[in-house]
Each structure stands twice: as C-alpha cells, then as structure tokens.
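Written below as structure tokens is the structure these notes are about.
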Amino acid sequence: MNYKKIIAEKIHEKTNMGIENIEKLLEIPPKPEMGDYAFPCFQLAKTMKKAPNLISQELKESISKDYLEKVESMGGYLNFFIDKNSYTKHILEMVLSQKEKYGSSDIGKGKNVVVEYSSPNIAKPFHVGHLYSTAIGNALYKMMKFQGYNTIGVNHLGDWGTQFGKLIVAYKRWVDEEALEKEPINELLRIYVKFHDEAEKDPSLEDLARMHFKNLEDGCKEETELWQRMKDLSLKEFNKIYDMLNIKFDSLAGESFYSDKMDAVVDEIEIKGLLTESNGALVVNLDEYNIPPCIIKKSDGATIYATRDLAAAIYRKNTYDFYKNIYVVGSPQALHFKQIFTTLKLMGHEWAKDCVHVGFGLVKFADKKLSTRKGDVIFLEDLLNEAVSRTLELIEQKNTNLENKEDVAKKVGIGAVVFAYLKNNRERDIMFSFDDMLNFDGETGPYVQYTYARGKSILRKAEGFTSKADFSKLNSTEEFELVKLIAGFNEAILSAINKYEPSILTRYIIDVAKAFNKFYNQYSIISCEDEGLKAARLQLVEATTIVIKNGLSLLGIDVVEKM
RNA sequence: GCGCCCAUAGCUCAGUUGGAUAGAGCAACGGCCUUCUAAGCCGUGUGCCGGGGGUUCGAAUCCCUCUGGGCGCACCA
C-alpha cells in the first residue's frame, strides 16, 4: 500500500496533471500537525490561471476521501491527513511478519554488483583512514545485498608496485628479524620510513628500488619470496581488524593478481591504436576529454597502477558480468578513475558507463594530513581498542552488574566508531578526534544501541502478554510519527543506495531512535491499563527494535540485548 | 596556471533534489529517576545560510562573479 501513489491518483482525477509529476511534487509538511503529505498548487496556478489558494480550496472539496482522515487547504498547499488506524495496523503487521527481512526487496534480482573497498596496502599499517573506505564499502555491499543484488565484495589489496622495490631494499639493509616476528607492521613501517629518510640523502636508493620491483615483476626468486613473506605477515594483521569489524570479502584479488593479465591489456590498447609514446612512457592520450594522459607503462617498462586497474575492470566484467562496478576509494583519486573509465570507453567497452567511483574525504588529525611516509599515523587497531576500553569503563560506572561486559563493550565501542564514520556525507573530511568520536551522548552509535536495548528490555518483561492490539487507540502524535518513520525504512535504504551514501541510512536510524525515545518517555507501556492499547504499543516497540537491528546490521554494527 | 570539491548557530553537521517560520547533536544553563535501562527525556539562547549579482510566484538549494579553504594535475598508489 503506497499512500503517495494513492494521493497522487486522487489529485490526478481532478486535474490534468500526470501521476508521476504529482508524485514528484508531493512533499512532507514541515510539521506533523500540518498533515502527512502536502501538495503545492503553485504549478497548477499557471495552467489553470487561478490563484493557488483557490485551487487548493476547490480540490479540498472535490477530492475523494478514501484512506484519508481529512484534507485541508492551507494557503497554496493542499494537506492530506491519512487514516491513522488502518495505516498503523498495516505497517506494524507488515514489520512483525517480515522481521529480519523487513526493509528488503528484490529490485536487484539477477544483477551482479562488484564493490571494491578497504584495499589496504600490504606492509603498511591499517590506519584510521582505511576505515572510511571499509565502512562505506561494507555498508553499500550489505544494503545492496538486502535489496536482492548479487554483491561481490572485493578487497583490492595494494600488494604490487614500486613500493615493494623500496621495501625490499629496506629489508635487506635494516630489518630487525626479531621485531618483524613480534610486530610485523610496525617493523615494516619503520624500515619503510627509514628508506624515505635515507633516499633523501642518497637518491640512488630509488633506482635500486625500481630494479628490485622490475625483478619482482619478472618473477625472480629472491624478490618473490620476500614479497610473499611481507604479504603473509600483513594479511595476518589485517584479518585481526576485519574480525573486530566482522567484515568478510568474497575476493582478495589485489594488484598482484593482475600481474600476469597486464600484457593482454597493453596489447589490446595497442591493437585499438590508442597507445602512444610520450617522454619514454607509453600512454593513452586523453586530450580530447581535457584530462591528462593515462600512463600504461613507465619509461623503465614496468606497469603502473592504472594498467592494473584497467586489467582488473576487464577481468571483473568477464568474470562477474557486472551491472555496476563500484570503487570505494578516496576522492583525491577522482582524476585517476576518470582516466581509467575514459580509457575503457575509448577501448570500445560500452560497460565503462557502469563503473562508478564512490569517493570520500580525508581523515584529518589536528589539521595534519596523515602520511605513511613520515610514519605519522594512528593505527585503527589502537582506536578500536581505545573505544572498547572507554566503553568498558562506562559500563563499570553505569551498569556494574551487566553480564558479558567485554562482549557488550566490544560491540558498543566498535559500533560507535563505525557509526561516527557513517554519520556524515562521505565527501566531507573527518576531523579526527578521540574525544569527539568516543563521546557517547547524543546522535551516536551507543545512543541507537541503547534505544534498542531499552526496547528489548520492555519486550522481555512483557513476554507472554497476548491481548489483541487495538490500533485505533495508538493515535498520539508521538506514536504516529514513529509509525511513519518505521514505514519509510525501505525508502531510506534505496535512497542511500542510489546516492552511494550510507549516511542517509545512518541518519534515518537516528530519527527512528529519537522518535522512539520521545514515545518511551511520555507513555507507559507495560503498566498501560488498556490492554488493547498496551498490545498495540508493544507491537510498536517490537517494530522499532526490528528496524534498528536491521538498519544497524546493514551498516555493519551489532546490537546488544542489554547495556 | 588549469580542473574537481567545499563554505549553514561558539564547535561538529542535517536540510527530503526549487517550497510553508532554516533544523539536530555537542558545549552552557535549568528541570525530570520509590513506576518500562537517566548512554535517556523536557525546557532556555544563538544565524547577513561566506560577499555581490541574476533566474523564479518562491532560492540555503539553480546560473554568473568575487573572497576564503581543501584536493588533484604523467612515470607513487
């Protein structure tokens, strides 16, 4: 039952306006007492050559009132009040019967979607910046899966490139084997930073690094073994973090996976007459699109990340026949993806239009950009551990007798961090601050989880209560606002998917929690004397917990039954 | 120099694709726990929506311009 459509049809009957156009114009009034839907009559004023307020008054009289409580004319607006009783009954029954499926759909049925996200660099720390891609990608992956898409999550590991030449040079000169066993990432970071320091004094180290990478690409034994060792050590560390975040990938095909697929790409570009030489490098000229050329091979003959991304896109099309190929990679790389997508188009791949770069802002710390080269990073693991221990302290203060304190602290603490990353528009930079991120008051992850736990607590206490719900009594503004919000869950997810913007869902969940807390504080549920009303309220509570649980799960956040 | 993005309350941010009196959270102050979890709820104050021009019945939202900031512009990823 789609009320928007029903109302649009009513207006359509009385005017010459198309249904779709009406649906687009229909809006939600700024205040609930002004109605549930509003139709602005200003556009009609032109065609009907009448004042908008006259039109709305006439429509108010002539329109059919089925499904509606009343219709009001306010200035140039026609305001609709839907029939609360049938609406509430319909929505709550739907939520309670669909449960963990509530909010899903099958609009993506039969469509494959590749989502590339996280993609940390091997031998470098997994720092707070990496969570941005990881959290956004994971949320998009889950939301699309929930809408019936066949999603393929790819962690495009940065496990290839000149940086490995540098690491091999550094390894052979300065590695401390003992430290490497104990804290692999730290030690690899130390020697990587040392390389850059030393290379400033002795630029020949850079040449040496390029040579080692060339050897690696050519499959030389020593380089390959060292590379494999660093990769294994790194993956072990990364998996610790993915376990904490409860994130899994369908494919770990990183850059190295494409090392034997690059010749074919270079050949294809050449056959299509796109390859030109420029300053010793092989490039695809993109002047006609007003963007710099896409470099395919460096002057030393080694490939570059653009080549690998081209190979990866083609491989993914051949393997998954994707409907969309999504890259969750920082906004600073926007130009790079423009070059890649344009090159694919020039190669004659019409599916280049299905490739999407989902960019996001930087994670900044006290106005400084985090730089791996300078060793100036905050490890994500440290942030997550800090979040968990602060949560544990809070539990000791507020709820000492809670069972499974550690487990709750983990879910709430980590959930708080992920929630903070997904709360705002992804194009925005995150000003990183422990105190802001780990402040658990107001619009935060813990606030929403707390709301869920409150709801569950009521449901536990009311177990066994089986009176029949009387929805006609569930008619306060607070209750009806909550019902309307709950009804909009699927719409919120679809909107988040369309814009590749998880924050739309995050903010929706906050709104639901707010509306619930308002209701919770004002009306008693368990001690409500009217049994029909009590039953209806309990259903509203349960529906709220279902929406919060499903919603947070799509963001990659677990709920707790008590906190 | 060229290109992309951004500018909304003291701070951090929303603003339903051009609609009604621009909203939240934090911080500050005041109130609410012998009754369902006070990580909560209620109340108080704050705005040249960066400046200027334009389009429109109607602009925080669209166009132009200026200012201030961020990011990116070939052998790093």
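In what follows, every chain begins at residue 1, and chains take the letters A, B, ... in the order their sequences are listed.
Spacing between atom CD1 of A/Ile525 and atom C1' of B/rC41 amounts to 13 Å, rounded to whole angstrom units. Atom-to-atom, CZ of A/Phe360 to C1' of B/rC6 comes out at 17 Å; the value is rounded to the nearest Å. The nearest whole Å value for the distance from the CZ atom in A/Phe164 to the P atom in B/rA77 is 10 Å. Protein atom CG of A/Asp159 is 18 Å distant from nucleotide atom P of B/rC76, rounded to whole Å. One can place CD of A/Glu255 at 11 Å from C1' of B/rC76, the figure rounded to the nearest angstrom. Going from atom CG of A/Asp429 over to atom P of B/rG70 covers 10 Å, rounded to whole Å. As rounded to whole Å, 15 Å separates atom C1' of B/rA20 from atom CZ of A/Phe39. The separation between A/Asp36 atom CG and B/rA20 atom C1' is 16 Å, rounded to whole Å.
On a pure distance criterion of 3.5 Å, no polar donor-acceptor pair joins the side chain of A/Lys423 and the base of B/rU12. On a pure distance criterion of 3.5 Å, a polar donor-acceptor pair joins the side chain of A/Ser278 and the base of B/rA74. You'll find a donor-acceptor pair under 3.5 Å spanning the side chain of A/Tyr305 and the base of B/rA77, going by distance alone.
Side-chain atoms of A/Pro293 lie closest to B/rA74 of the nucleotides B/rU37, B/rG72, B/rA74. Of the candidate nucleotides B/rU16, B/rC41, B/rU37, B/rC41 has the atom nearest to the side chain of A/Asn521. The A/Pro332 side chain lies nearest to B/rG72 when the options are B/rG40, B/rU21, B/rG72. For A/Asn425, the listed nucleotide lying nearest its side chain is B/rA14; candidates were B/rC71, B/rA14, B/rG40. Which of B/rU37, B/rA20, B/rU12 sits closest to the side chain of A/Met74 comes down to B/rA20. Comparing B/rA20, B/rC57, B/rA77 by their nearest atom to the side chain of A/Phe42 picks out B/rC57. Set against B/rA14, B/rC41, B/rA77, the side chain of A/Asn424 has B/rA14 as its closest nucleotide. Side-chain proximity of A/Ala453 to B/rU37, B/rA77, B/rA39: nearest is B/rU37. Closest to the side chain of A/Lys514, from the set B/rG40, B/rG25, B/rC73, is B/rG25. Which of B/rC73, B/rA74, B/rA39 sits closest to the side chain of A/Pro446 comes down to B/rA39.
Spacing of P atoms, B/rG10 relative to B/rG58, comes out at 30 Å, to the nearest Å. When the C1' atom is used for both B/rA20 and B/rU35, the distance is 41 Å, rounded to whole Å. B/rA60 sits 15 Å from B/rA7 when the P atoms are compared, rounded to a whole Å. A gap of 16 Å separates the P atoms of B/rA24 and B/rU16, to the nearest Å. Nucleotides B/rA74 and B/rC5 place their C1' atoms 23 Å apart, quoted to the nearest Å. Taking the C1' atoms as reference points, B/rG18 lies 7 Å from B/rA59, given to the whole Å. Rounded to the nearest Å, the gap between the P atom of B/rG54 and that of B/rG45 is 36 Å. Separating the P atom of B/rU44 from that of B/rG53 is a span of 35 Å, rounded to the nearest Å.
Here B/rU56 is in the anti range [glycosidic angle more than 90° from 0]. Look at B/rC5: its glycosidic torsion is beyond 90° from 0, and that puts it in the anti range.
Remark: B/rA24 base-pairs with B/rU12. Criterion, Watson-Crick or G-U wobble with two distances under 3.5 Å. Shown here, B/rA7 forms a base pair with B/rU67; the pair counts as Watson-Crick or G-U wobble because both key distances fall under 3.5 Å. Of the nucleotides present, B/rC32 is the one that pairs with B/rG40 by Watson-Crick or G-U wobble criteria, both distances under 3.5 Å. B/rC73 and B/rG1 make up a base pair, with Watson-Crick or G-U wobble contacts both under 3.5 Å.
In this structure, A/Ala334 and A/Phe519 both approach RNA chain B, and ranking their closest nucleotides by distance from the 5' end singles out A/Ala334. Toward the 5′ end of RNA chain B lies the nearest nucleotide of A/Lys338, the other residue of the pair A/Lys338 and A/Ile504 mapping further downstream.
Taking the six-membered ring where the residue is Trp, A/Phe341 and A/Phe337 present tilted rings, their angle falling between 30° and 60°. Using cut-offs of 30° and 60° on the angle between ring planes, the pair A/Tyr132 and A/Phe360 is tilted.
Heavy atoms of other residues, nucleotides or ligands lying less than 6.0 angstrom from NZ of A/Lys405 number more than 12.
Seen from the ring of A/Phe465, A/Lys534 counts as a face-on cation partner, given the 6.0 Å and 45° thresholds. Under a cutoff of 6.0 Å and an axis angle of 45°, A/Lys518 and A/Tyr520 do not form a cation-pi pair.
Contact check on A/Lys410 versus A/Glu406 returns no salt bridge, with no Lys/Arg side-chain nitrogen under 4.0 Å from an Asp/Glu carboxylate oxygen. With respect to the salt-bridge test (charged N to carboxylate O, under 4.0 angstrom), the residues A/Lys194 and A/Asp197 do not qualify.
In this structure, A/Ile296 reaches neither bases nor backbone, as no heavy-atom distance under 4.0 Å exists between it and the strands shown. Residue-level contact check: A/Glu427 touches neither bases nor backbone, having no heavy atom under 4.0 Å from any strand. Backbone-only engagement by A/Ile304 is indicated by non-hydrogen atom pairs under 4.0 Å involving sugar-phosphate atoms exclusively.
A/Gly103 and A/Asn490 get closest at one heavy-atom pair: O-ND2, 2.8 Å.
The backbone N or O of A/Ala387 sits less than 3.5 Å from a side-chain atom of A/Thr391, completing a donor-acceptor pair.
OP1 or OP2 of B/rC5 has not a single side-chain nitrogen or oxygen of A/Arg428 nearer than 4.0 Å.
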